[in-house]
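Here's the structure we're looking at; comments come further down.
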2 protein chains.
Amino acid sequence: MKSTSDADLSADDSAETSTQQIRDAIRDAIVERRLSPGTKLSEGDVGNLFNVSRTLARAALQALSYEGLVSVEKNRGAFVAYPSPDEARQIFAARRLVEPGILREAAARITPSQIQHLRQLLLEEGRLMSERGQTARRAEIKASGDFHLMLAQISGNAIMQRFMEELVARSSLVIALYGQSTVSSCGHTEHGDIVAAIEHDDLDTACRLMVHHISHIEADLDLRERKSFGLKEAFAI
Amino acid sequence: MKSTSDADLSADDSAETSTQQIRDAIRDAIVERRLSPGTKLSEGDVGNLFNVSRTLARAALQALSYEGLVSVEKNRGAFVAYPSPDEARQIFAARRLVEPGILREAAARITPSQIQHLRQLLLEEGRLMSERGQTARRAEIKASGDFHLMLAQISGNAIMQRFMEELVARSSLVIALYGQSTVSSCGHTEHGDIVAAIEHDDLDTACRLMVHHISHIEADLDLRERKSFGLKEAFAI
DNA sequence: ATGCAGATAATCGTATACAATTTGACCCAC
DNA sequence: GTGGGTCAAATTGTATACGATTATCTGCAT
């Protein structure tokens, strides 16, 4: 799957504008956890980094704020989003709400070649899981999300696809913040089970597995409210 | 319900920035069909209209493009979105996919006072339906959408609420384009039926009614592909 | 030392300026 | 009259400029 999210559906002027490139670059950095929640993203710095003016940097940050990955505070600047536990719960609730429906749509339209593609994704995911090192970890995070995005793409509904892209990206942010164990190590086998259920045309099972899978990811988080814990974290980070 | 969509949840600096005001004003104009699909929204004109520079006008248009209400074409400018029949189908498919889930969540959390509020909305809707004139028609369009938005709000999931706001707004655009009869005249009684089912704790019926309701709205559209009809329309508009 | 007031620096908000691109008009050749 | 080509007007893309706000530092009074 391409790294840029909407490259397939937006048939605009072939060349992506620099604002979009910057947006995508920062988004990738956030999703792959090279940028931690709360990190300040000043317009000047972003502009310098990508050799553009503040105008374009600002536009990119604005775009990311619409996706919920960046929060801009008036007169204070933009920061990598720091989703609250409540927000995290809402993200997973939203996924439980939409993903079964997406799965049903996808299963109804899936072609053998797409199943093949899904299996390939699982293989890649498994390979990355056994590898060591930061780079592999980042790739694993992305691959794990790509499974869900692929289903959304197969469903054929561009609107739901875009929404899923937002939800998956924000999930990554939440896991970075509240995740306890290493990245959903259980996730991979669960993905495989879902594909198997799809192949057996057992949609009800597939949906049930999907809901459980999402709940498992959420269950691996520590979403307790840390009241004045912020200070310590400021040192830790 | 407040007219500005996210006034309740964004607890930012109390005062809305002028960009947001412009965005909301244009969005309202689109949703209430004072701006037709395809209308050009040049940055200069928008800026002059609201007495701000192109910078802010551009930001507002950019924001609307993320919501799917405006399409910006590189080096050509911004236009009120002109959703294709396929896009229209995807919008309603998305609504069928998410609204039952939202309804279930809402029903689980709804309070008597909120039911009261819903009924009040229905009353208002009925009143507007019997009135004559453009103003009433516009208000009816908004009220009809507010019913669905209210359910999303009651569901307590801000993410789904925002998504529904986008879907409802885009639906209005689609109806403006492809609607045949007057605004969903059947809609009002269907809304009432859904509320009744909620009150009777008959969730399955409520969801079924909701799906049918959405399909009814879609069925009232003429989504046949008009191939080279665009030219004639250019004259009609 | 602590706390507050003013100055200083850094950053954001908005407007304006200039380059690049598109659009439409006009003219000419055919 | 049609087709093509050049130029001018309008509009967008991007950078820069300047005022406004916030954050940081300094120094003085307590």
Side-chain angles (χ1 to χ4, degrees), chain A residues 4 6 10-26 35-36 38-66 69-82 230-231 234-235 237, chain B residues 4 6 10-26 35-66 69-82 230-231 233-235 237:
Chain A
T4 62
D6 46 356
S10 75
D12 34 29
D13 249 32
S14 69
E16 281 204 331
T17 157
S18 46
T19 300
Q20 292 171 307
Q21 284 179 299
I22 297 169
R23 164 174 62 78
D24 292 342
I26 298 180
L35 283 171
S36 305
T39 303
K40 168 117 201 225
L41 302 172
S42 88
E43 299 175 353
D45 291 350
V46 171
N48 286 340
L49 187 56
F50 292 96
N51 286 101
V52 295
S53 71
R54 268 182 58 216
T55 307
L56 300 189
R58 186 185 179 84
L61 293 170
Q62 201 65 26
L64 289 166
S65 100
Y66 290 119
L69 292 181
V70 158
S71 87
V72 308
E73 298 174 32
K74 184 171 168 171
N75 278 317
R76 292 215 6 159
F79 305 83
V80 178
Y82 199 105
L231 180 64
F235 280 90
I237 294 172
Chain B
T4 61
D6 47 356
S10 75
D12 33 30
D13 250 31
S14 70
E16 280 204 331
T17 147
S18 46
T19 300
Q20 291 171 306
Q21 283 180 297
I22 296 169
R23 163 173 61 79
D24 293 342
I26 298 179
L35 283 171
S36 304
T39 303
K40 168 118 201 223
L41 302 171
S42 88
E43 299 174 354
D45 291 350
V46 172
N48 286 340
L49 188 56
F50 293 95
N51 287 103
V52 296
S53 71
R54 268 182 56 216
T55 307
L56 299 190
R58 187 185 178 83
L61 292 171
Q62 202 64 26
L64 289 166
S65 101
Y66 292 120
L69 292 181
V70 159
S71 88
V72 307
E73 298 174 33
K74 184 171 171 173
N75 277 319
R76 298 219 31 238
F79 306 82
V80 178
Y82 198 106
L231 181 63
E233 284 192 326
F235 281 89
I237 294 173

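Letters A, B, ... mirror the listed sequences (proteins, then strands); counts begin at 1.
When all heavy atoms of A:Ala57 and A:Gly47 are compared, the pair lying nearest together is CB-N, 3.6 Å. In terms of heavy-atom proximity, B:Tyr82 sits nearest to B:Gly38 at CD1-N, 4.0 Å. Shortest non-hydrogen contact noted between B:Val72 and B:Ser65 is CG1-CB, 4.0 Å.
A straight line from CD of A:Gln20 to C1' of D:dT14 spans 15 Å, rounded to a whole angstrom. One can place CD of A:Glu73 at 12 Å from P of D:dT22, the figure rounded to the nearest angstrom. Here D:dA20 presents its C1' atom at 14 Å from CD of A:Glu43, a figure rounded to the nearest Å. Note: NZ (A:Lys74) to C1' (C:dT11) measures 15 Å, nearest angstrom. Rounded to whole Å, the distance from CG on B:Leu61 to P on D:dG13 is 11 Å. The interatomic distance linking B:Leu41 (CG) with D:dT12 (C1') rounds to 14 Å, in whole Å. Rounding to whole angstrom units, CG of residue A:Asn75 and C1' of C:dC12 are separated by 6 Å. One atom, CD1 of B:Ile22, and another, C1' of C:dT14, lie 11 Å apart when rounded to the nearest Å.
Within the model, atoms CD1 of A:Ile22 and CG of A:Leu49 stand 9.0 Å from one another, a figure rounded to the nearest 0.5 Å. In this structure, CG on A:Leu61 lies 5.0 Å from CD1 on A:Ile26, to the nearest 0.5 angstrom. A:Ser36 contributes atom OG, which lies 14.5 Å from atom CZ of A:Phe79 (distance to the nearest 0.5 angstrom). Note that the CD atom of A:Gln62 and the CD atom of A:Glu43 stand 8.5 Å from one another [nearest 0.5 Å].
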Sort me out a list of protein N/O and nucleotides 15-17 of chain D N/O pairs below 3.5 Å, or just none if empty.
residue, atom, partner, partner atom, Å
D:dA15, OP2, A:Ser53, N, 2.8
D:dA15, OP2, A:Ser53, OG, 2.8
D:dA15, N7, A:Thr55, OG1, 2.9
D:dT16, O4, A:Thr55, OG1, 3.4

Please write out the pairs of protein N or O atoms and N or O atoms of nucleotides 23-25 of chain D separated by less than 3.5 Å, giving the distance to one decimal.
residue, atom, partner, partner atom, Å
D:dA23, OP1, A:Arg76, NH1, 3.0

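Taking only side-chain atoms of A:Lys40, from C-beta outward, the nucleotide of C:dG13, C:dC12, D:dG13 with the closest atom is C:dC12.
Side-chain contact between A:Leu64 and A:Leu41 is absent, with no heavy-atom pair separated by less than 4.5 Å.
In this structure, the side chain to side chain donor-acceptor pair (under 3.5 Å) partners of B:Ser42, at least two apart in sequence or on a different chain, are B:Asp45.
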